[in-house]
Amino acid sequence: MRIYIHVPFCARRCSYCDFAIAVRRHTPSAAYLQAIHTEWLLRKDLPRWREGGAIQSVYFGGGTPSRLATDALATILALLSSDHRLAPECEVTLEANPDDVTRDRASAWFHMGINRVSLGIQSFEPRVLEWMHRTHTPDQVAPAVETLRSTGFDNLSFDLIYGVPGSRARDWESDLDRALDLDPQHLSLYALTIESHTPLARWRARGEVVSAPQEDAAMQFLVANQRMVAAGFEHYEVSNAAKPGFRASHNSGYWKGDPFLGLGPSAHSSWQDRAVGDGAPYGGGKRHRAWNRREWEAYRLAVAQGRDPLEGVETLTAAETLLEDRYLGLRTDAGVPSRLIPAENWAAWEREGWAECTDERVRLTLEGWLRLDALVAQL
Ligand code: SF4
């Protein structure tokens, strides 16, 4: 099994962010630890997790997990490993903002068993970071990387955002070069989208921001691919690239349809009944999803009052399961078994240069990835 732990606290809301966060000057680490502990006790003995085998990966996402007190993080990891077996190769990731990385914190993270840090860099341009409402500056990035490396971390991932509105001074190629110069093992590149109820959506409504033309974002995606491949990376998922041997285990499990347990506000879980056919995720039993209350206070209150913080549970229909398998599989360079895609669709995609197809697998090309949503919508 895999475990995702959502830590919702942030110092401020980034202009583009619609995640489930709680803006706090001081992170309420003790209350958070108490809530996660209680939720873990509710979930840990459910048969679907007991039978889920050793924990293959733990991912502290957010929010800003690097703002959580290190003893709270350590206690959560100790709780998990005292009740379930951690696989020897278990990947334990912490999302961190560069300005949170200090020598003391890095050392505590490393010694408690975190073995991968995902740094939210986003850009090296000061004006872009200010516009995004990020709390760090570009000159905090290299010292953060140096601190993590000298502490012992040898698996670092960087997040960058492309497709920033054109009015921003943004040299994407320079940002890529500066990221690659720092020699990360993994890169996650996300296209900026304007979500409703964000500062960015309000700026657009007032006419202060215009979305970047789609062609600009597409060009930046293709440039990134060239730069990353030339630097020895494998572009293994539409938004992710890694040096050989450093693909994200946690996310790869998610794209393969592995069961995962989510803890914390807004966290989602997914599991599948025992396969009766040729094995999950394709041809397996019914797939289920569950999700927790989104807001930190509602989540905390439910747990504190002895109620389950779950907000919803659903069982996917066979058609929904198939759609999810297609969508997640086509995101990756492994693609999907050919039998999941009607032959007339993949033959047309192949003619357009959007897919490469064999009798066994259908894989999207870069041009196909640029059209991923539209292609899956055809199905
Ligand atoms: S740090 Fe991350 S989670 Fe927090 S507001 Fe910014 S983008 Fe959202």
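For the single chain, residues carry numbers from 1 onward in sequence order.
In this structure, I121 and F124 have side chains that are in contact, with non-hydrogen atoms separated by less than 4.5 Å. Q56 is not listed as a side-chain neighbour of E91, based on a closest heavy-atom distance of 4.5 Å or more.
Among residues two or more places apart in sequence or in another chain, the ring pair (Phe, Tyr, Trp, His ring centres under 6.0 Å) test is passed with F153 by F110. W40 meets the ring pair (Phe, Tyr, Trp, His ring centres under 6.0 Å) test with H84; sequence neighbours excluded. With sequence neighbours left out, the side-chain contact (heavy atoms from CB on, under 4.5 Å) criterion links E314 to R289, W291, L316. Applying the salt bridge (charged side-chain N to carboxylate O under 4.0 Å, His left out) criterion to R149, with sequence neighbours excluded, gives no partner residue. Take R307 and apply the side-chain contact (heavy atoms from CB on, under 4.5 Å) test, not counting sequence neighbours, and it matches R293, A302, Q305. Applying the side-chain contact (heavy atoms from CB on, under 4.5 Å) criterion to Y254, with sequence neighbours excluded, gives F260, L328. Legend: residues meeting side-chain contact (heavy atoms from CB on, under 4.5 Å) with S188, ordered by chain and number and at least two apart, are S157, D159, H186, Y190, N240. With sequence neighbours excluded, no residue forms a ring pair (Phe, Tyr, Trp, His ring centres under 6.0 Å) with F19. Every residue two or more places apart in sequence or in another chain was checked for a ring pair (Phe, Tyr, Trp, His ring centres under 6.0 Å) with W349, and none qualifies. Scanning for salt bridge (charged side-chain N to carboxylate O under 4.0 Å, His left out) contacts around R105 gives D100, with sequence neighbours left out.
In plain terms, the two heavy atoms of I161 and W172 that are nearest each other are O-CZ3, 3.6 Å.
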May I have the list of side-chain donor-acceptor pairs in residues 21-36 shorter than 3.5 Å, sequence neighbours left out?
from : atom 1 : to  : atom 2 : distance (Å)
T27  : OG1    : R67 : O      : 3.2
S29  : OG     : A69 : N      : 3.0
Y32  : OH     : H6  : O      : 2.7

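Taking the six-membered ring for Trp and thresholds of 30 and 60 degrees, Y162 and F221 have ring planes inclined between 30 and 60 degrees apart.
Within the hydrophobic cluster formed by Ile, Leu, Val, Met, Phe, Trp and Tyr side chains joined at under 4.5 Å, directly or through other members, Y4 is accompanied by Y59.
In the hydrophobic clustering of ILVMFWY residues, with side-chain heavy atoms under 4.5 Å counting as a link, W346 and L340 come out together.
For the atom pair CG of L200 and SG of C17, the computed distance is 11.0 Å after rounding to the nearest 0.5 Å.
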Can you check side-chain hydrogen bond (donor to acceptor under 3.5 Å, both in side chains) on T137 and D139, steps first, answer last?
-> CA-CA 6 Å; T137 57; D139 52 15; 2.6 Å; yes
